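Remarks on the structure that follows.
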Amino acid sequence: MSGEAPLVSFSNVTRFYGAGGGLVRALAGVDLAIARGEFIAIMGPSGSGKSTAMNIIGCLDRPTGGIFRFLGVEVNDLTQDQRALLRRNFIGFVFQGFNLLNRTTAIENVELPLIYRGTGRRERRERAIEALHLVGLEGREHHTPGELSGGQQQRVAIARAIVTDPLLLLADEPTGNLDSQRSEEIMDLIARLNEERGITVVMVTHEPDMAAHAHRIVRFVDGHIASDDHKAAA
Amino acid sequence: MLWETVKLAMSSIRRNVLRSVLTLLGIVIGVGAVIAMVTLGNGASSKVQENLSKLGSNMLIVRPGQATFGPGSSTDARSFDERDVTALQNDLSGIRGVAPTAQKQMKVVFGALNYDTTVTGTNSDWFTVQDWTLEDGRVFSDSELRAGTSVCVIGDTITHELFAGQDPIGERLRIGNFSCEVIGRMAAKGQSAFGTDQDAIVVLPLRTYHRRIAGNTRIGTISISVREAADIARVQRDAEDVLRERRRIVPGEEDDFTIRDLTQILATMASTTTILTGLLGAVAAVSLLVGGIGIMNIMLVSVTERTREIGIRLAIGALERQVLTQFLVEAVVLALFGGIIGIVIGLGLAAGGALAMGVPFTADLRVIALAFAVSALIGVIFGYFPARRAAQLDPIEALRRE
Ligand SMILES: Nc1ncnc2c1ncn2[C@@H]1O[C@H](COP(=O)(O)OP(=O)(O)OP(=O)(O)O)[C@@H](O)[C@H]1O
Ligand SMILES: [Mg+2]
C-alpha cells in the first residue's frame, strides 16, 4: 500500500462559522494525514474543533478553506449526493449523541444504511442481527431507543456504523455516556474491529484510558493541532 | 425500496392520525363531490337516454303547423292524410318505417273495470318505429289495416289493470260504444321522458280509429324511423320535399308542418347536463386545490418537525432522490388515503341520491380510477415542494436541530 494516497488528508484546512464580529474559527489551519488501518484518538478541550474535524473527515461538512481529500478525491468539489455516496460506501459514523431514529426499533436503525444501499431484505436482516450481536445487544433488536439505556443506544449507534463494513469508522466520544466497565467493552470492540477487520478508526475522546487503546493521539487546541503522537509499539 | 418507503410513509401517517385526517378533509370533500356528482349524473343521463330510446331511435317526428307557436298552433294547420303517409313510404330511402298516429284519451272498459287510456290509430310500422316488443299475440295484418277491422293491441298497463292475470288475447274490449278484439299485447316500456305511462295504450288500425273513434281522417303525427343515424339529416330534407310537394307549398313559402329530429333533442339535453357537470366540477376542483394546499402545509410541518430525522438519513448515506421519494410517497399515500375516503363517501352519497331521485345507481370504475389517480397526482404536485425542501437540507445543519 506504500505510495498510495492516504485515506484522509487535510492540508491547511480551515472551517469558520458565522461572520464579522461573531466569526468562530473552529478549525484554523489543520494539516493531517490518516493512512489506512490506523487507530487514532483525537483529544482536546471542549470547543477545540474535534467534532468539526470529524464532520469534515466524515464528508458531512466541507472546509471553508484549504484542501480536504478522501481517498485522494478532493471533497470540496463534490455534490451533496456524491458525498452521500462516499459516506454510504466507505464511512461509518458514530455521532456525539447517538442520532438514532426515535420510534424505530434497534434493528431497523441498524438496517437503515443498508436500505439506502439497496441491500436485499434478508441479507439486511442478517447483517443487522450480526452487528447487534457484535456490540452485545442480542435480545434487544426490537426495542426502540426510548426503551434502551444510554449505553445500549450508544451500542446501537456503533452497530449502525459498522453494519456496512466501512473502510473508516468515525466515533465522536463513543464512550462518553458509559460507565468504565461498559467503556472498556466498547473500546475492546473498536480495537478488535481495527485489528481483525482492518477498519481505520478515528475516535474522539476526553478520557486518556480510552485514548490509550489508540496507536496515535492527535491533540486539538483552539482549532489547531497541538500535538500528534505515534505510539512506539503498536 | 419503494415498498419500504410506503411502509415508512404509513407509519408516519399513523403516528398522527387525527392531523392526517383533518389535512385530508379537502381531498375527501373534493373527491367525494366529484364521485357523487359524476355517479349521479351518469345515472340521470342514462335515465334520460333510456327514456329517449323508449321514444324510438333515429326518429323524425312530423307534425302539422309550425312549432314556433307552441302546441296550440297545430290545431288550425292542415293535418296529414293517408296518402301523405304512402307518399313518404314510397319516396324515402334508408328508413325502417313510417307510422302515422292519431290519438285520443278515452275510457276503455272490460267487464266491470275501466281505465283512462290513450287510444291510438296507426299502422304496423308503428311497432317497429316506436320500438315496441310484442309479448303475446300478433300485430295487425295488411287486410285488417285496409278493411279497418275491429281488432286492437294493448299495452302492459291495460293487461294488468283490466285483465288482472287473465289472458286478454281473444277478449273484447269496449271503447265508448265500439268494441274490438284483443289480438296482441305488448311488453312494458315504463314511463315516457315526460313522465306519462306509455303502457296505458290501446292500438287500433288507423282506419278503424278514423271510422269508429274519431269520425274524421286526420293524422296528428307521422313518425319516421331512419335506419342509419348518419342519414337522419338527408331523410329529414327528403321528407320535407315530399310533404311540400304534396301540400303544394310554392318555393319561398314557409312549411306548414314541422319535422323534428329526436336525436337533436337528445343532444340539447346532453349539453345541458354537460354545463351542470362542468359547474359542479369547478366546485370540486376548488376543494381539491384546497385539499392539495392542506397536504402541502402538513408536509411542510412534517419536514420541519422531522429535520433531525432527515439529517440522520442524509448523514448515513441517503441520496437527495431517496429522501425526496420518501416524502413524495408520504404525500401521495396521504392523498390516496383521502381519495379513498372521498370515493367511499361519494359513492355513499350517490347511492342515497340515486334512491331519492329514482335514477339508477351505477358506480363507474373508470371514474373511481380517475379519482384515485387525481388524488395521487395532487399528492405528487403538492408534496413535491416540501419533499424537495427535505431532500436539500444540509445534513450538518439538520443534525444540529432538535
Ligand atoms: N454550527 C455552528 N455554528 C457556529 N459555531 C459553531 C458551530 N459548530 C461548532 N461551532 C463552534 O466551533 C467550535 C468548535 O466546535 P466543535 O463542536 O468542533 O468542538 P468540540 O471540540 O467537538 O467540542 P466538544 O468536546 O464539546 O464536543 C466551538 O467554539 C463551537 O461553538
Ligand atoms: Mg464535539
Side-chain angles (χ1 to χ4, degrees), chain A residues 15 17 26 51-52 54-56 58-63 79-105 108-121 124-125 144-145 156-157 159-164 166 170 172, chain B residues 1-20 301-330 333-334 384 386-402:
Chain A
R15 180 66 172 98
Y17 291 110
S51 292
T52 304
M54 290 290 269
N55 287 340
I56 290 175
C59 300
L60 270 172
D61 200 4
R62 282 185 290 189
T79 64
Q80 182 169 310
D81 271 357
Q82 287 170 322
R83 281 182 285 130
L85 286 172
L86 283 184
R87 294 197 291 275
R88 173 199 284 193
N89 290 315
F90 301 114
I91 300 166
F93 210 134
V94 182
F95 299 96
Q96 189 171 14
F98 323 138
N99 279 338
L100 297 175
L101 291 185
N102 297 322
R103 302 198 203 86
T104 305
T105 61
E108 284 167 343
N109 264 292
V110 175
E111 276 182 85
L112 206 56
L114 297 177
I115 289 179
Y116 287 123
R117 282 175 153 213
T119 308
R121 187 187 185 73
R124 219 161 64 207
R125 271 282 124 135
T144 62
V156 175
R160 185 180 65 187
I162 61 173
V163 75
T164 56
L170 300 173
D172 202 345
Chain B
M1 180 70 208
L2 188 68
W3 176 236
E4 303 290 335
T5 322
V6 171
K7 272 205 310 200
L8 200 70
M10 304 263 233
S11 76
S12 85
I13 289 167
R14 232 181 294 122
R15 241 172 253 161
N16 270 307
V17 176
L18 182 62
R19 193 171 78 181
S20 305
V301 170
S302 174
V303 168
T304 310
E305 276 179 355
R306 287 154 65 191
T307 299
R308 194 175 166 78
E309 173 197 325
I310 297 162
I312 293 170
R313 291 178 182 278
L314 288 169
I316 61 175
L319 300 179
E320 284 180 38
R321 177 169 46 79
Q322 290 171 319
V323 173
L324 185 90
T325 312
Q326 181 192 334
F327 281 85
L328 261 189
V329 166
E330 202 168 312
V333 169
L334 203 62
Y384 183 76
R388 206 188 51 160
R389 176 177 276 200
Q392 291 184 343
L393 281 176
D394 177 47
I396 293 277
E397 290 296 316
L399 281 177
R400 207 181 298 279
R401 213 84 64 77
E402 193 40 81

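Since the structure is predicted, the reported quantities are computational estimates derived from the model, not experimental observations.
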Checklist line | Side-chain heavy atoms of A:Arg87 within contact of B:Pro395, under 4.5 Å | finding: yes
Notebook entry, point to check: Side chain, backbone, both or neither: which part of B:Arg313 has an atom under 4.5 Å from a heavy atom of chain A?
Noted result: both
Check: Where on A:Arg83 is there a heavy atom nearer than 4.5 Å to chain B: the side chain, the backbone, both, or neither?
Finding: neither
Note to self: Using heavy-atom distances under 4.5 Å, tell me whether A:Arg124 contacts chain B through its side chain, its backbone, both, or neither.
What the structure shows: side chain
Check: Which answer fits A:Arg121, side chain, backbone, both or neither, if we ask what part of it has an atom under 4.5 Å from a heavy atom of chain B?
Finding: side chain
Next item on the list: Could you grab the distance from atom CG of A:Leu101 to atom CZ of B:Arg308, nearest 0.5 Å is fine?
Entry: 10.0 Å
Notebook entry, point to check: In Å and rounded to the nearest 0.5 Å, what is the CZ to CD1 distance from A:Arg117 to B:Ile316?
Noted result: 11.0 Å
Next item on the list: Please flag which part of A:Leu86 lies under 4.5 Å from any non-hydrogen atom of chain B: side chain, backbone, both or neither.
Entry: neither
Margin query: Testing the basics here: between A:Leu100 and B:Ile312, what is the closest heavy-atom pair and its distance to 0.1 Å?
Written below: O-CD1, 3.6 Å
Margin query: Need one label for B:Leu319: side chain, backbone, both or neither, based on atoms under 4.5 Å from any heavy atom in chain A.
Written below: both
Checklist line | Pairs of heavy atoms under 4.5 Å with chain A: top-ranked of B:Ala315, B:Gly311, B:Ala391 | finding: B:Ala315
Next item on the list: Starting at CD of A:Gln80, measure out to CG of B:Leu393 and round the result to the nearest 0.5 Å.
Entry: 8.5 Å
Item checked: Which atoms of B:Ile310 approach chain A - backbone, side chain, both or neither, heavy atom under 4.5 Å -> neither
Margin query: Check this for me: B:Arg389, atom CZ, are more than 12 non-hydrogen atoms of other residues, nucleotides or ligands nearer than 6.0 Å?
Written below: no
Next item on the list: Looking only at non-hydrogen atoms, find the nearest pair between B:Ala318 and A:Ala84 and report the distance.
Entry: O-CB, 3.7 Å
Notebook entry, point to check: For A:Arg88 and B:Gln322, which heavy atoms make the closest approach, and how far apart are they?
Noted result: NH2-OE1, 2.8 Å
Item checked: Distance (rounded to the nearest 0.5 Å) between B:Leu399 CG and A:Leu60 CG -> 7.0 Å
Check: If every non-hydrogen atom of B:Gly317 is compared with every non-hydrogen atom of A:Tyr116, which pair is closest and at what distance?
Finding: O-CB, 4.2 Å
Checklist line | Straight-line distance of A:Asp61 CG to B:Asp394 CG, nearest 0.5 Å | finding: 7.0 Å
